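Taking it in order: structure first as structure tokens, then the write-up.
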2 protein chains.
Amino acid sequence: MTQPLGEAIRDHFERRILAGELAPGARLPTEQEIMTAFGCSRMTVSKALSTLASAGLIERRKRAGTFVARPRVHAMVLEVPDLAAQVMERGQDYRFRLDRREKVTAREGHLSGQSALHLAGTHFADGAPLAIEDRLVSLAAVPAIADADLTGEAPGTWLLHHIPWTEADTRIFAHGASAEEAAALGLQAGAACLCIERRTWRGTEPITAVRQLFVAAGYELVAHFGPGG
Amino acid sequence: MTQPLGEAIRDHFERRILAGELAPGARLPTEQEIMTAFGCSRMTVSKALSTLASAGLIERRKRAGTFVARPRVHAMVLEVPDLAAQVMERGQDYRFRLDRREKVTAREGHLSGQSALHLAGTHFADGAPLAIEDRLVSLAAVPAIADADLTGEAPGTWLLHHIPWTEADTRIFAHGASAEEAAALGLQAGAACLCIERRTWRGTEPITAVRQLFVAAGYELVAHFGPGG
DNA sequence: CTTTCGATTATGTCTATACATTATTGCTCG
DNA sequence: CGAGCAATAATGTATAGACATAATCGAAAG
């Protein structure tokens, strides 16, 4: 049960930094000093510090030394689970209804000019509308979707299982429902909704663009930041 | 301008994975094979693969080998910049007005039971209300805030500069403004707002809890996922 | 046919050393 | 006094070899 040496070094400094004992901007000992203090080789120290550096905890400058990073904008991890899985995890019944499906030529966005499948549908939790979505899927990037049965399975779930993306942009904002949107969600016009717009790529090839409108009472996003991940 | 060897190895496999040439679950060559293919030592290969592994692109299993990771869909990076900086970056004028400041004993949440400073204020962009916020700051964890001048600087900005947090939870959801909230934001009652609730810790010590209500038209969150950062 | 257990093979970590890179420090020269 | 340049001190990358660890595979035992 002996802890690897490099890990011990990492833990040592991570703890001291998180405890505030080493304030932002403070200088750490040189690799030489750490090396003798821990009784190990310099490579081991270097690798441990590299890990902390890529985690954003410290900053290393040649000739100058190693310093505790000054926290800038904090990046948080936003959980984006599959909607169906998320609803069922709450013990609710999940259902998806496909409302529209047609082949189009995209006119805007990152899919602009490409042949795409236009899909619209409604997500239900325990029989009540939870969200409506409007999606374009590139037929060039995902030809298989032309033959997919999407009447029961949400397109997002299908895509997740068939061609995972490698890059994505997400915009999150509040939106007052239009009359049409409100009707589809069983709300009054102008009711507050959470809107999520996401564009995804595989490498540089656009895959899909989706706009999801959630009933405010039924959905929230949760993000977390911390050393535990 | 010779690229470091380890970086070349990383790039090689990253490109092939992102291009789909190496499908999820596919096995990479062993370190021995890569080592001879690139004409370098095993340490170099190992370090390169370790980097890819910690980036989540590959998965390494002893005895079995190295495999392309099945994409984890559920983690995106949400930037949490300082609000003042974000507004000014858009070329707008930023202002904060402190509306209330009183010492209280927290009654709920992670600060429950602790002595805290209750702060309420309004964020303005180009003179128009952008958001209202309601915040509790632990006086035990941040005694210095008792003497801080917060009439012009937002408490979040002050905290960011004085005691950065190490852990945070964020909830994001849509909210229809109450009559009071709407009045403060210059909206009609029921107008859609984006609500962000955040609790932060330093280690295990609670720092602050904040609820920010944004005018829907003026604010959106942006999250990103991808190797590009 | 199933279970156990050892051999094998891959990754994981570490060492000691070497040389490259780079920004600072400080000295020299105008 | 200042501009430029060289010495220096730190990190960055790499090597070849050694042993540790763990999971798989296959053979032996039940």
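All values derive from a computational prediction rather than experimental measurement. Chain A is the first sequence line, chain B the second, and so forth, proteins listed ahead of strands; every chain is numbered from 1.
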- Message: A quick test of your reading: do over 12 heavy atoms of other residues, nucleotides or ligands sit less than 6.0 Å from CD of A:Glu89?
- Response: no
- Query: Whole Å only: how far is the CZ atom of B:Phe38 from the P atom of D:dA14?
  - Reply: 12 Å
- Message: Please report the distance, rounded to the nearest Å, between CD in B:Gln3 and P in C:dT21.
- Response: 14 Å
- Task: Kindly state each residue pair satisfying side-chain hydrogen bond (donor to acceptor under 3.5 Å, both in side chains) with at least one member in residues 136-148 of chain B, sequence neighbours excluded.
- Result: B:Gln114-B:Ser138
- Are the charged groups of A:Arg211 and A:Asp134 less than 4.0 angstrom apart, N to O? no
- Examine C:dT13: is either OP1 or OP2 under 4.0 Å from a nitrogen or oxygen in the side chain of A:Thr44? Give yes or no. no
- Item | Check: B:Ile172 and B:Leu194 side chains under 4.5 Å, non-hydrogen atoms | yes
- Message: Would you say that B:Phe13 contacts B:Thr66 through its side chain, given a criterion of any heavy-atom pair below 4.5 Å between the two side chains?
- Response: no
- Message: Is a donor from one side chain sitting under 3.5 angstrom from an acceptor on the other, for A:Arg198 and A:Thr170?
- Response: yes
- Message: Nearest to the side chain of B:Pro4, heavy atoms from C-beta on, is which of D:dT15, D:dA14, C:dA16?
- Response: D:dA14
- Task: Quickly work out the A:Met43 CE to D:dT11 C1' distance and round it to whole Å.
- Result: 12 Å
- Message: What is the separation between atom NZ on A:Lys47 and atom C1' on C:dA16, rounded to the nearest whole Å?
- Response: 16 Å
- CG of A:Leu5 versus P of D:dA18: gap in Å, rounded? 21 Å
What N/O pairs connect the protein and nucleotides 9-12 of chain C at under 3.5 Å? Give each pair on its own line.
| unit_1 | atom_1 | unit_2 | atom_2 | d |
| --- | --- | --- | --- | --- |
| C:dT11 | OP1 | B:Glu31 | N | 3.4 |
| C:dT11 | OP1 | B:Thr66 | OG1 | 3.4 |
| C:dT11 | OP2 | B:Glu31 | N | 3.1 |
| C:dG12 | OP2 | B:Arg60 | NE | 3.0 |
| C:dG12 | OP2 | B:Arg60 | NH1 | 2.5 |
| C:dG12 | OP2 | B:Arg60 | NH2 | 3.2 |
| C:dG12 | N7 | B:Arg42 | NH2 | 2.7 |
| C:dG12 | O6 | B:Arg42 | NH1 | 3.3 |

